[in-house]
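The structure under discussion appears below in the form of structure tokens.
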2 protein chains.
Amino acid sequence: MRRDSRLSRMLHVLIHMDRHYKRATSETISKMLGTNAVVVRRTMAGLRDFGYVRSEQGHGGGWELARGLDQITLLDIYEAIGKPPLFAIGPSVDQPECLVEQAVDAKLGDALKEAEALLLERFRTVTIADIAADFDRRMPEGQCNVHGNIHAEQSASG
Amino acid sequence: MRRDSRLSRMLHVLIHMDRHYKRATSETISKMLGTNAVVVRRTMAGLRDFGYVRSEQGHGGGWELARGLDQITLLDIYEAIGKPPLFAIGPSVDQPECLVEQAVDAKLGDALKEAEALLLERFRTVTIADIAADFDRRMPEGQCNVHGNIHAEQSASG
DNA sequence: CAATCTGTAACAAGATAGGTTACGTGTCTT
DNA sequence: AAGACACGTAACCTATCTTGTTACAGATTG
């Protein structure tokens with residue numbers, strides 16, 4: 001595995017769901033993300049627990065937004081997927097005995113904490129609606145260039 | 001594997017080498033780091049290539065600093081170990097076709113780039129001597145509380 | 001020549017996100 | 001009530017990357 005892409009994927013799919021007029025199944029979503037329906041259910045379970053989406057079982061079931069995209073920030077989603085580690089670097093051991101190592105980790109930790117604070121602050125102040133607006137500026141018709149066919153497929157079956 | 005600890009480890013060992021009056025073997029260093037001599041040679045090869053340390057083969061050989069700690073920044077070492085990825089999160093694919101996904105990754109990428117710039121700026125302005133000074137403030141005698149025995153061992157054999 | 005060290009290849013271990021299969025459970029349609 | 005549909009979840013495998021380990025070749029000292 002390379003990098004944790006759950007945040008990116010969830011933002012992506014939430015915008016598509018907002019454009020969707022009806023519930024989307026895990027199978028439909030998995031095709032948009034190029035992955036598996038189980039992976040979708042697994043990742044979106046966190047978003048459901050936090051109240052950002054709803055899921056319905058049974059015939060005609062699937063996923064739908066539980067609030068507007070302007071009411072969900074990137075930080076909300078980051079937390080909903082379980083606050084995975086942001087950094088790929090870090091200390092060798094958690095509580096080193098060696099005081100030199102402690103000094104090294106303290107200095108590195110300061111820099112990492114600063115960067116993390118900045119990143120989370122950006123996450124906190126950006127809503128998913130902001131990202132959707134970026135997309136709308138590039139595609140005024142609001143039609144997805146890739147997943148339009150999936151929307152149409154849903155339309156035909158509904 | 002959890003997180004890449006090479007940067008932390010190299011800073012740690014360079015400060016100990018600065019306190020060392022003679023060359024340290026990979027075996028000695030590996031005991032300080034709680035790891036293996038091969039891992040030490042592997043990681044320190046980058047520092048040697050960049051001219052921060054020298055290595056001598058054969059009997060009596062080992063590793064020594066090639067310049068003062070005030071002449072080496074954290075950024076130098078980060079680059080010397082091969083600029084490993086800083087973040088554990090990122091996009092799902094490198095060049096998504098979907099414009100919604102592109103908008104998501106662009107917004108996330110902006111935030112990550114900002115955080116990375118801040119982190120690397122900290123790395124650039126902090127020398128290893130700065131960290132050593134932090135240690136000296138806590139241990140005015142300059143004696144390591146853990147690895148002092150290794151220094152003594154070297155002393156006995158030299 | 002023997003002992004000591006580095007240099008490096010080769011492979012296993014450990015961790016984590018992601019992919020896949022299988023099956024249970026709830027819900028709507030007929 | 002039966003069957004199709006869709007989520008919920010466990011279990012297991014895969015891919016990737018740092019780290020750990022073994023093995024051996026080459027260099028240097030005495």
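Lettering of chains follows the sequences in order, A, B, ..., and the numbering in each one begins at 1.
- Side-chain proximity of B:T25 to the nucleotides C:dC5, C:dT8, C:dT20 is greatest for C:dC5.
- Between the side chain of B:Q102 and the main chain of B:P96, a donor-acceptor pair closer than 3.5 Å is present.
- Atoms CG and CG, from B:D130 and B:D70 in turn, are 9.0 Å apart once rounded to the nearest 0.5 Å.
- Between the CD1 atom of B:I29 and the C1' atom of C:dT4 there is a distance of 15 Å, given to the nearest Å.
- Between the CG atom of A:L33 and the P atom of C:dG18 there is a distance of 11 Å, given to the nearest Å.
- Under 3.5 Å, the side chain of B:R42 and the base of D:dT21 form at least one donor-acceptor pair of N or O atoms.
- Residues from residues 103-111 of chain B that place a heavy atom under 4.0 Å from any atom of DNA chain C: there are none.
- Rounded to an integer number of Å, the gap from A:R6 CZ to C:dG19 P is 12 Å.
- For the contact set between residues 50-66 of chain B and DNA chain D, defined by any heavy atom under 4.0 Å, the members are B:Q57, B:G58, B:H59.
- Residue-to-nucleotide proximity on DNA chain C shows that, of A:R41 and A:S5, the 5′-proximal contact is made by A:S5.
- Between A:T35 and C:dG19 there is a side-chain N or O to OP1 or OP2 distance below 4.0 Å.
- Heavy-atom distances to DNA chain D give each of B:V38 and B:P84 a nearest nucleotide, and the one nearer the 5′ end belongs to B:P84.
- Following rounding to the nearest Å, A:K31 (NZ) and D:dA6 (C1') show an atom-to-atom distance of 13 Å.
- For the OP1/OP2 pair of C:dT6 and a distance below 4.0 Å, the side-chain nitrogens and oxygens of B:R23 include no atom meeting the criterion.
- Between the CE atom of B:M10 and the P atom of D:dT18 there is a distance of 14 Å, given to the nearest Å.
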